Each structure stands twice: as C-alpha cells, then as structure tokens.
Number of protein chains: 2
Amino acid sequence: MATPSMEDYLERIYKLIDEKGYARVSDIAEGLEVHPSSVTKMIQKLDKDNYLIYEKYRGLILTPKGKKMGKRLMDRHELLENFLTTIGVHEDNIYKDVEGIEHHLSWDSITCIETLLEYFRRDPNRADELMNVRKELEAEN
Amino acid sequence: MATPSMEDYLERIYKLIDEKGYARVSDIAEGLEVHPSSVTKMIQKLDKDNYLIYEKYRGLILTPKGKKMGKRLMDRHELLENFLTTIGVHEDNIYKDVEGIEHHLSWDSITCIETLLEYFRRDPNRADELMNVRKELEAEN
DNA sequence: TACTTGGCGTAGCCATTGCTATATTTCCCC
DNA sequence: GGGGAAATATAGCAATGGCTACGCCAAGTA
C-alpha cells in the first residue's frame with residue numbers, strides 16, 4: 001500500500017503529465033514544496049513499488065498501475081475540493097484542507113460525499129437553504 | 001504547536017478523564033491501539049509542552065491549556081462522527097476516517113460542517129432525500 | 001570540442017513515532 | 001509487612017520523510 005506521502009507525489013506526477021506531458025523533478029518539488037533531493041528519493045521508491053519507471057537524469061513514465069492510482073487520486077482531490085466549496089469553506093483554506101484529509105478517507109466515505117454533492121447539484125435550492133441556515137447561525141452569535 | 005499524534009493522545013486523555021475521572025497509561029494505550037511504552041513517551045512530551053502535569057507511576061492531570069485543547073478536540077471528533085453518520089458512511093469506517101481527518105481541517109471547514117449538520121437536523125426530510133439520491137445512484141450501477 | 005551552469009542524484013543527518021526487551025515501581029493479598 | 005503480579009518506565013532500534021552538502025550529468029554556448 002502507498003503511504004500518504006507517496007500518494008501526494010503520485011497525484012502530483014499524474015497531474016503534471018496530464019497537463020504538460022511530462023513531470024520533471026523540479027516541477028514536482030515546487031508543487032509539493034519540498035526539496036528536489038526529497039523528490040528523487042521518493043521517485044526511486046515509487047519505481048521500486050512499480051508505480052512508475054524511472055531513468056536517472058532522463059525522466060519517468062507512469063506504469064498502468066501508477067496511472068490508474070494517479071487518476072483516482074486526482075479525481076478524489078477534485079471531489080473533495082468541490083465538496084468544501086459547496087458547503088461554503090473559504091477558498092484560501094480549501095487546498096490545504098483537501099491536501100490534509102484526502103489520504104485518510106475510506107472509499108465508503110468518498111462515495112457518500114459524492115452522493116452528497118449530487119444531492120446539492122440536483123436542486124440548487126438546497127444549497128440556498130444551507131446558506132440560510134448559515135446566516136441564521138451567524139446571526140445568533 | 002501540537003502534532004497530529006499529540007492531538008490524538010490529548011483527546012483520548014481528555015475523554016478518559018471526562019468519563020472515568022482519570023487516565024491510566026494502559027487505558028490510553030488500549031484506546032489508541034499502541035503499546036504502553038509509546039504512551040509513556042508521549043505523556044512525557046505532553047508534560048514538557050505543558051499540556052499536562054505528569055508524575056511517574058502516579059498519574060497525570062491536565063493543565064488549563066491541556067483541558068481547553070482536549071475539549072476542542074473531543075468536540076471536533078464528535079462533530080465529524082456525526083457528519084459521517086449523517087451522510088451514510090458505514091459504522092465500521094467512521095472511527096478510522098475521523099481519526100485520520102480530524103487533525104487536518106481548518107476551523108473554517110469545521111464550522112461549515114457544523115452548519116451542514118444543522119441543515120439536516122432542521123428537516124429530517126432532507127436526510128431522507130439524500131438517501132433517495134443514494135439509492136438512485138446505486139441503481140444506476 | 002571544451003566549459004559552464006543548472007538540474008539531478010547520493011550520502012548522511014535529524015525528528016517523529018512506533019516497536020521490543022528489559023528494568024522498575026506499585027498494589028494487592030496473604 | 002513481604003512477595004509476586006500487574007502496571008509503568010527506560011533504552012535502544014526501525015521506518016518514514018524531510019533536510020543540507022556535495023558530486024555528477026548533460027545541454028547550450030563559445
């Protein structure tokens with residue numbers, strides 16, 4: 001199984017490849033706010049665990065296993081961002097919160113959150129009513 | 001600042017004292033599913049950081065700082081349990097998921113989840129409708 | 001082709017937090 | 001009050017995942 005840290009890297013790598021076609025050590029490092037040496041180390045681990053194939057100084061490609069995982073991780077990340085946005089969390093807090101919790105939810109929870117989002121999507125009034133509750137609670141204090 | 005691990009211990013200790021009046025090493029260890037030796041070590045750290053006062057072999061008491069922190073942590077834990085329950089997460093997954101995410105949410109997110117819970121509490125139909133969405137989505141697959 | 005430079009890799013350190021094995025203390029019962 | 005079991009403490013090891021310092025590769029330029 002992948003550790004939370006490994007998931008962070010894998011997700012980042014998948015996203016970079018998805019957007020730019022390749023993932024360089026320095027881009028990964030910048031995105032995750034770690035030093036390049038930490039990236040190299042982790043890439044070697046991900047190679048060893050067959051998430052990607054890595055050639056020193058040359059670059060890396062994701063294996064099918066890595067791609068599948070990466071996509072799931074990215075989708076999950078987006079889902080959680082949407083969720084927090086929907087319930088009214090301030091933009092500035094969203095990225096960090098998602099980053100923190102995404103590795104710690106069972107797929108059961110993820111599915112339930114997906115359902116919850118769909119619930120709000122199906123009838124925009126529901127989100128409005130949620131915001132009304134918010135205003136009422138705020139007015140009380 | 002307290003690390004996630006420190007928060008886990010502090011929360012557990014607060015809860016034990018709240019429920020039984022005292023917190024023994026072995027009870028803490030059992031609750032957190034770690035070995036007693038790990039508990040001793042962490043208690044010493046929490047003492048050093050002034051969350052509690054610890055007397056070897058004798059026991060511990062929370063400082064005002066520790067009590068305040070502990071209460072907040074326990075409240076947050078309960079809120080998140082209620083949240084996952086409400087959206088339909090299976091009982092077996094709840095504890096572990098909450099354990100995982102509770103240390104990683106901003107107070108902004110916590111407040112929004114509180115509001116969401118209040119939203120569902122105010123009109124039980126809403127939870128019913130959520131379950132209907134769930135059934136429909138399940139039927140599709 | 002040779003040099004420079006920036007990107008990348010390696011080695012080795014540190015903190016955190018768990019573990020096992022082994023001491024030490026306390027408590028209870030006789 | 002003494003002895004043994006249970007509880008607790010300590011020492012030392014391991015994995016994880018950062019960091020710094022330093023060495024190596026390779027692309028571009030002269």
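Here is how names work: the chains are called A, B, and so on, in the same order as the sequence lines, proteins then strands, and each is numbered from 1. These figures come from a predicted structure and were not determined experimentally.
Asp49(A) places its CG atom 13 Å from the C1' atom of dT16(D), with the value rounded to the nearest Å. Atom pair Lys48(A):NZ and dG9(C):C1' shows a separation of 17 Å (rounding to whole Å applied). Rounded to whole Å, the distance from NZ on Lys41(B) to C1' on dA11(D) is 9 Å. dT16(C) atom C1' lies 14 Å from atom NE2 of His103(B), rounded to whole Å. Spacing between atom CE of Met42(A) and atom P of dT10(C) amounts to 16 Å, rounded to whole angstrom units. When the C1' atom of dG17(D) is taken as reference, atom CD of Glu99(A) falls 15 Å away, rounded to whole Å. Rounded to an integer number of Å, the gap from Asp47(A) CG to dG9(C) C1' is 14 Å.
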Distances for protein N or O near nucleotides 25-27 of chain C N or O, under 3.5 Å:
none

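The pair Arg134(A)-Glu138(A) meets the salt-bridge criterion, since a charged nitrogen lies less than 4.0 angstrom from a carboxylate oxygen. Taking a cutoff of 4.0 Å between a charged side-chain nitrogen and a carboxylate oxygen, Asp27(B) and Arg24(B) qualify as a salt bridge. Look at Lys71(A) and Asp75(A) and you find a salt bridge, because one of the NZ, NE, NH1 or NH2 atoms lies within 4.0 Å of a carboxylate O, short of that distance. Contact check on Arg76(B) versus Glu7(B) returns a salt bridge, with a Lys/Arg side-chain nitrogen under 4.0 Å from an Asp/Glu carboxylate oxygen.
Residues from residues 7-36 of chain A with heavy atoms under 4.0 angstrom of DNA chain D, sorted by number: Tyr9(A), Val34(A), His35(A).
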* **Candidate pair Ile113(B) and Asn82(B), rule side chain to side chain contact (heavy atoms under 4.5 Å, CB included), full reasoning** => CA-CA 10 Å; Ile113(B) 290 172; Asn82(B) 286 338; over 6 Å; no
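The side chain of Thr40(B) sits closest to dT8(D) out of dT8(D), dT17(C), dG9(C). Residue Ser5(A) places its side chain closer to dG17(D) than to any other of dT17(C), dT10(C), dG17(D). Checked against dG18(C), dT17(C), dG18(D), the side chain of Lys45(B) finds its nearest nucleotide in dT17(C).
A search for side chain to side chain contact (heavy atoms under 4.5 Å, CB included) contacts involving Leu137(A) returns Val133(A), Glu140(A), Thr115(B), Glu118(B), Arg122(B), not counting sequence neighbours.
Heavy-atom nearest nucleotides on DNA chain D were determined for Gly59(B) and for Met6(A), and the one closer to the 5' end corresponds to Gly59(B).
Asp97(A) and Ser109(B) share a side-chain donor-acceptor pair at under 3.5 Å.
Proximity of Tyr9(A) to Ile28(A): side-chain heavy atoms (C-beta onward) are separated by under 4.5 Å at one or more points.
Counting any heavy atom pair closer than 4.0 Å across all strands shown, Ser37(B) reaches a base atom.
Aromatic ring pairs are classed by plane angle as parallel below 30°, tilted from 30° to 60° and perpendicular above 60°; the pair Phe83(B) and Phe83(A) is parallel.
Contact annotation: Ser38(B) side-chain N/O to dC19(C) OP1/OP2 distance is under 4.0 Å.
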